[in-house]
Amino acid sequence: MNFTLPELPYTYDALEPFIDQETMKIHHTKHHQTYIDNTNSILKNIPNFSYSSIFEVIQQLYLLSLDKKVALRNNAGGHANHTLFWKGLKKNTILQGGLKNAIEHNFNNIDIFKNTFEKIASQFFGSGWIWLIKQDTQLSIVTTCNQDNPLMGKEIVGVDGYPILGLDLWEHAYYLKYRNYRIHYIKSFWNIVNWDEANLRFQSVS
Ligand code: MN3
C-alpha cells in the first residue's frame, strides 16, 4: 500500500486570515508530502507488517524493532497528524451537541477549556502537537513531542486516547505569518476549528 497526499477539503486561501495561503501551501505540499514519501520508503523495507490505513500503522508501532519504530514514529506520525489536522480545520462552524456537553462537563465551561488549551499550548517547548483526546467518557488536553500521536499509545508516547482536536505547534505551521508570536497563532485556532468534524470524531468513539 502506497500512501498519497490527501487533497485538502478546501482551497489554500480558505483559512485566511488565520492561516495564510503560503503557509498552507508549503505545509501541505512540502512538509506533509515529505512525511508521506518517507513513510512509503520505510514501509517498503518492513515485510509482514499489515495495515489498512495510516492510523493502523501508528497504532501498531509496538510490533516493530527499535530502528524501524523510530523512523516510522516520526514519519507515519507526521502523515497521520497532518491528515487529522487538515480535516479538523474549517471556518464558521459551531460547537454544539454531544461534544459541547462533554467539554462543559469535563472543564466546567467552554472559556475554561479554551484558556487551559491556550496555556498548555503556549507553555509547550519545542516542536509538537496539542490535542483534545477522549478516553472512555473523559476528555483531556495533552501534548505530544515531534510527530507523536496519542493513538501510538501510552507505552510509546506516554498518553493514550482518541484525538478529537489537534493543533500543530511546529514553527513551520505559523512562522511566516505569526513569527515568534506563537500565542497569537494558538488563539486564532478558535476561528478555524472544524467543530462538525470534532463532533463526528467524538461520536465515533465510545
Ligand atoms: Mn506540520
Side-chain angles (χ1 to χ4, degrees), residues 3-43 53-55 57-59 61 69-91 117-118 120-133 141-152 156-159 161-194 197-198 201:
F3 291 108
T4 54
L5 186 65
E7 265 187 50
L8 295 186
Y10 38 74
T11 55
Y12 286 117
D13 63 355
L15 304 172
E16 291 267 11
F18 308 109
I19 302 182
D20 60 288
Q21 178 170 357
E22 190 184 9
T23 297
M24 286 300 293
K25 198 164 189 176
I26 297 170
H27 201 171
H28 181 244
T29 63
K30 305 296 182 193
H31 292 272
H32 190 175
Q33 182 71 61
T34 302
Y35 294 123
I36 292 169
D37 294 343
N38 291 340
T39 298
N40 286 332
S41 63
I42 297 161
L43 285 171
S53 72
I54 193 62
F55 301 103
V57 172
I58 65 167
Q59 285 174 300
L61 291 179
K69 189 188 293 181
V70 171
L72 261 194
R73 178 176 173 175
N74 291 333
N75 289 286
H79 180 24
N81 289 348
H82 290 87
T83 301
L84 288 172
F85 187 48
W86 308 135
K87 282 181 76 178
L89 301 176
K90 190 180 182 183
K91 284 202 281 196
F117 187 98
E118 290 171 9
I120 294 171
S122 65
Q123 289 174 347
F124 181 79
F125 187 81
S127 295
W129 292 74
I130 181 166
W131 310 94
L132 175 68
I133 59 168
I141 299 167
V142 300
T143 53
T144 56
C145 292
N146 303 320
Q147 294 297 351
D148 287 349
N149 185 298
L151 290 173
M152 291 174 183
I156 294 176
V157 297
V159 293
Y162 186 82
I164 307 295
L165 279 186
L167 178 63
D168 192 339
L169 296 177
W170 285 57
E171 282 188 347
H172 69 230
Y174 63 86
Y175 202 83
L176 289 180
K177 180 181 173 71
Y178 292 95
R179 305 290 159 168
N180 54 315
Y181 297 100
R182 182 158 80 174
I183 187 63
H184 295 177
Y185 163 71
I186 293 163
K187 284 178 179 286
S188 78
F189 180 50
W190 306 120
N191 297 294
I192 50 170
V193 172
N194 185 344
E197 171 67 17
R201 287 183 201 165

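For clarity, every value in this text was computed on a predicted model and none was experimentally measured. Numbering of ligands and ligand atoms starts at 1, following listing order.
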With sequence neighbours left out, what residues match Arg182 under salt bridge (Lys or Arg N to Asp or Glu O under 4.0 Å)?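 Not a single residue meets the salt bridge (Lys or Arg N to Asp or Glu O under 4.0 Å) criterion with Arg182.
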Mind telling me whether Tyr12 and His28 have parallel, tilted or perpendicular rings, with 30° and 60° as the class edges?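 Aromatic pair His28/Tyr12 classed tilted.
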Going by ring-ring contact (aromatic ring centres under 6.0 Å, His included), His27 matches just one of Trp170, Tyr35, Trp86. Which one?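 Looking at Trp170, Tyr35, Trp86, the match for His27 under the ring-ring contact (aromatic ring centres under 6.0 Å, His included) is Trp86.
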Kindly determine whether Tyr181 and Tyr174 satisfy ring-ring contact (aromatic ring centres under 6.0 Å, His included), including the steps that lead there. CA-CA 9 Å; Tyr181 297 100; Tyr174 63 86; over 10 Å; no
Atom pair CG (Leu165) and CG (Leu167), whose distance is rounded to the nearest 0.5 Å: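 Separation between the atoms: 9.0 Å.
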Set out, in order, the CA-CA distance, both residues' side-chain angles and the distance that settles salt bridge (charged side-chain N to carboxylate O under 4.0 Å, His left out) for Lys90 and Glu197, then state yes or no. CA-CA 9 Å; Lys90 190 180 182 183; Glu197 171 67 17; over 6 Å; no
Suppose the cut-off is 2.8 Å; which protein N/O/S atoms would you list for the Mn ion (ligand 1)?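 Sorted hits: His27 NE2, His82 NE2, Asp168 OD2, His172 NE2.
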